[in-house]
Enquirer: 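Handing you a structure now.
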Amino acid sequence: MEHLIYINLILSVIIVFFQRRDPKAVWTWLLALYFIPVFGFLFYLILGQDMRKGKMFRVKEVEDRMRYSARNQEEFLKSHDIGLDTSLARDYADLVVYNLETSGSVLTVDNSVEIFTDGEKKFKDLREELSKAVRFIHLQYYIIKDDQLFDSIMPILMERAKAGVEVRILCDGMGGRFMRKSKWERLKESGVKVGIFFPPVLGRLHLRINYRNHRKIVVIDNRVGYVGGFNIGREYISQDPKFGYWRDTHLKLQGGSVLSLQIRFALDWNYAVGENLFKNMTYFCEDEDGACLYNMGVVDMNQTEKKLGIQIIASGPDARSRQIRDNYIRLFSKAKHHIYIQTPYFVPDDAVLSALRVAARSGVDVRLMIPCKPDHPFVYWATYSYVGDLLSEGARCYTYENGFLHSKGVMTDGRVSSYGTANMDIRSFELNFEVNAVIYDEETTRKLEELFLEDLKVCKEITPERYEARSIFIRIKEQGSRLLSPLL
């Protein structure tokens, strides 16, 4: 018994002094170690430790330091109009520069955006664009399931590969566990290249189970790109009775922002597969004989007639900063009239929660929309617990009642929005590889807000009275889930 106490003490010191984590997470792991001696530390090594982050992502981080025109554009922004509406340029120039300095996220203003909220329509459009590919298809999803949706995409990929189009598929190791190996092999035999991000070892054993590549990116010929919340599985086209209608948001992009998605895909592909796409600059050009877009941004700002600004931002455990989270905080702090949030999981850290509470106290109309049903009960009850923190400050919260809400986005003041793959939770901020599009455009942001307001018609408001009427059993589940959430 005495030896066990000393072992636990040593392990506690390791957790406290060798981790740069949220203090709540440290205390939660210490409690786990106290109540489950030694075994608590084993769980920590599997789920919570980040001692190997530096080594694990070293090669990838070197490539992430590529700034592709960021410094040139930053100097340009200091002495020129950034190419947006004057008031937008003035009010959000600091956020543009922050994204440039933090990760080289270049602002492009020659973009167009199409919004999809229905899976059938999104994948119908995707199949049509895939069929038009003449140079390459780069397809990356967190989840790819072996069902009718992938069966409708797979023949197109194989046909295009046999026609000489370079086709690459990248899937997360956890998210791809639903796919039979025989299908991956059929794709490879047809010429499709397949990559698995953090693949399992010894069958289905995942040693890096807590790190997941949650990004959903498609780039076709540098002509069109997709980013958003839909994965590949029948539930995403509303064919799973468990969830019913699936409400999500996906963006179809054209313009300079597509190259930013291409670079993001290339970095992930290089790390997962070891094939350095940056050695062939034709992957980063408009066409095989055209001018490369690699030094995009500065010239386009002066020459384009379009003024739809987009920055593609990414975050993950390989990054020194939590860029997507920091963008949310900055958008919340700059909001003067309203903040609309859609997210399936609301488990914010203290900084995000504080920014929202301050905004609500300051008279900003803060509205949060979450699902009415859980796909992950643990996270759902933690979400419901944090809803109370917003209600107490005067924010308004709603549950989406027309199926399952999986949309992930923020809209502020009808001016700037951020949509993509990141949930409003600690896992997305710290552990998942995520990607969002920050859209500096009033027309697009207002369209997204109109969709949000339309969704309110099929929502039920969580009033303070309804929230306080929860049973003691529900409250215990909420608080228990909230306490355990830092273990992520």
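Residue numbers start at 1 and run along the sequence shown.
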Enquirer: Would you say that I143 contacts I232 through its side chain, given a criterion of any heavy-atom pair below 4.5 Å between the two side chains?
Expert: no

Enquirer: How far apart are the closest heavy atoms of F284 and A266, and which atoms are they?
Expert: CZ-CB, 4.0 Å

Enquirer: Taking NZ, NE, NH1 and NH2 as the nitrogens, is one of them in K334 or D94 under 4.0 Å from a carboxylate oxygen of the other?
Expert: yes

Enquirer: Looking only at heavy atoms, which two atoms of G225 and V258 are closest? And how far apart?
Expert: N-CG2, 3.7 Å

Enquirer: Are any of the side-chain heavy atoms of P371 and Y400 separated by less than 4.5 Å?
Expert: no

Enquirer: Can a side-chain donor-acceptor contact be found between Q342 and D455 if the only test is distance below 3.5 angstrom?
Expert: yes

Enquirer: Give every donor-acceptor pair under 3.5 Å between a side-chain atom in residues 150-174 and any protein atom, sequence neighbours left out.
Expert:
from : atom 1 : to   : atom 2 : distance (Å)
D151 : OD1    : K183 : NZ     : 2.2
S152 : OG     : R127 : NH1    : 3.0
S152 : OG     : L149 : O      : 2.6
R160 : NH1    : A133 : O      : 2.7
E166 : OE1    : R168 : NH1    : 3.2
E166 : OE1    : R168 : NH2    : 3.0
E166 : OE1    : Y283 : OH     : 2.4
E166 : OE2    : Y283 : OH     : 3.2
R168 : NE     : E275 : OE1    : 3.3
R168 : NH1    : H138 : NE2    : 3.1
R168 : NH2    : E275 : OE2    : 2.9
R168 : NH2    : Y283 : OH     : 3.0
D172 : OD1    : N213 : N      : 2.8
D172 : OD2    : M174 : N      : 2.9
D172 : OD2    : G175 : N      : 3.2

Enquirer: Is it the case that N231 and Y141 place a side-chain donor and acceptor less than 3.5 Å from each other?
Expert: no

Enquirer: Which pair of non-hydrogen atoms, one from F278 and one from L267, has the smallest distance, and what is that distance?
Expert: CE1-CD2, 3.8 Å

Enquirer: Is the shortest distance from a Lys or Arg side-chain nitrogen in D146 or R180 to a carboxylate oxygen in the other one below 4.0 Å?
Expert: yes

Enquirer: So, Y328 and R330: side-chain donor and acceptor under 3.5 Å apart, yes or no?
Expert: no

Enquirer: Which residues pass the salt bridge (Lys or Arg N to Asp or Glu O under 4.0 Å) test with D365, not counting sequence neighbours?
Expert: R367

Enquirer: Should the pair Y345 and H376 be assigned to parallel (<30°), tilted (30 to 60°) or perpendicular (>60°) ring geometry?
Expert: tilted

Enquirer: Could you check if a side-chain atom of I115 sits within less than 4.5 angstrom of a side-chain atom of Y419, using non-hydrogen atoms only?
Expert: no

Enquirer: Check the side chains of N436 and S418 for a donor-acceptor pair under 3.5 angstrom, ignoring hydrogens and angles.
Expert: yes

Enquirer: Is a side-chain N or O of D240 found less than 3.5 angstrom from the main chain of K242, in a donor-acceptor match?
Expert: yes

Enquirer: Apply ring-ring contact (aromatic ring centres under 6.0 Å, His included) to Y340 and list each qualifying residue two or more places apart in sequence or on a separate chain.
Expert: H338, F452

Enquirer: Taking S105's backbone N and O only, do any of them form a donor-acceptor pair with Q311's side chain (distance below 3.5 Å, no angle check)?
Expert: yes

Enquirer: Minimum heavy-atom separation for I462 and L391, please, with both atom names.
Expert: O-CD2, 3.3 Å

Enquirer: When you check the gap from the basic side-chain N to the acidic O, do E185 and K181 get nearer than 4.0 Å?
Expert: no

Enquirer: Looking at N423, is its backbone amide N or carbonyl O close enough to the side chain of S428 to form a donor-acceptor pair, meaning the two atoms are under 3.5 Å apart?
Expert: yes

Enquirer: Report the residues that fulfil salt bridge (Lys or Arg N to Asp or Glu O under 4.0 Å) with R446, sequence neighbours left out, ordered by chain and then residue number.
Expert: E442

Enquirer: Among side-chain atoms of T399 and E401, is any donor-acceptor pair under 3.5 angstrom?
Expert: yes

Enquirer: Do F404 and Y245 have side-chain heavy atoms sitting under 4.5 Å apart?
Expert: no

Enquirer: Under a 4.5 Å cut-off applied to non-hydrogen side-chain atoms, are D375 and F243 in contact?
Expert: yes

Enquirer: Any heavy-atom pair between the side chains of L253 and I312 that's under 4.5 Å?
Expert: yes

Enquirer: Do the charged groups of E478 and R482 touch, with an N to O distance under 4.0 Å?
Expert: no

Enquirer: Establish, from distance only, whether the side-chain atoms of S87 and R415 form a donor-acceptor pair under 3.5 Å.
Expert: yes

Enquirer: Does D349 pair with R322 as a salt bridge, N-O distance under 4.0 Å?
Expert: yes

Enquirer: Going by ring-ring contact (aromatic ring centres under 6.0 Å, His included), name the residues that satisfy it together with H337, two or more places apart in sequence or in a different chain.
Expert: none

Enquirer: Any side-chain donor-acceptor pair under 3.5 Å between N99 and T102?
Expert: no

Enquirer: Hey, mind stepping through Y398 and R396 against side-chain hydrogen bond (donor to acceptor under 3.5 Å, both in side chains) and telling me if it holds?
Expert: CA-CA 7 Å; Y398 306 84; R396 301 180 70 179; 3.2 Å; yes

Enquirer: Please check if any side-chain donor atom of R212 sits under 3.5 Å from a side-chain acceptor atom of N432, or the reverse.
Expert: no

Enquirer: Would K408 and D248 satisfy salt bridge (charged side-chain N to carboxylate O under 4.0 Å, His left out), going step by step from the backbone distance to the final call?
Expert: CA-CA 8 Å; K408 312 157 191 298; D248 219 321; 5.9 Å; no

Enquirer: Given 3.5 Å as the limit, does a donor-acceptor pair link the side chain of D389 with the main chain of L353, or not?
Expert: no

Enquirer: What class does the angle between the rings of F265 and W269 fall in, given that below 30° is parallel, 30 to 60° is tilted and above 60° is perpendicular?
Expert: parallel

Enquirer: Over all heavy atoms of both residues, which pair between S417 and M411 is shortest? Give the atoms and the distance, please.
Expert: CB-CG, 4.0 Å

Enquirer: Just by distance, do the side chain of S190 and the backbone of L187 share a donor-acceptor pair under 3.5 Å?
Expert: yes

Enquirer: Less than 4.5 Å apart, side chain to side chain, heavy atoms only: is that true for D326 and Y98?
Expert: yes

Enquirer: Return the minimal non-hydrogen interatomic distance between A359 and I339, and the atom names on each side.
Expert: CB-CD1, 3.9 Å

Enquirer: Do S315 and E434 have a side chain donor and acceptor closer than 3.5 Å?
Expert: no

Enquirer: Less than 4.5 Å apart, any side-chain heavy atom of R427 and any of V347?
Expert: no

Enquirer: With E235, which residues qualify under salt bridge (Lys or Arg N to Asp or Glu O under 4.0 Å), at least two apart?
Expert: K145

Enquirer: So does D268 pair up with R264, basic N to acidic O under 4.0 Å?
Expert: yes

Enquirer: Can N111 and Q254 be counted as having a side-chain donor-acceptor contact under 3.5 angstrom?
Expert: no

Enquirer: Is the ring centre of Y271 less than 6.0 Å from the ring centre of F197?
Expert: yes

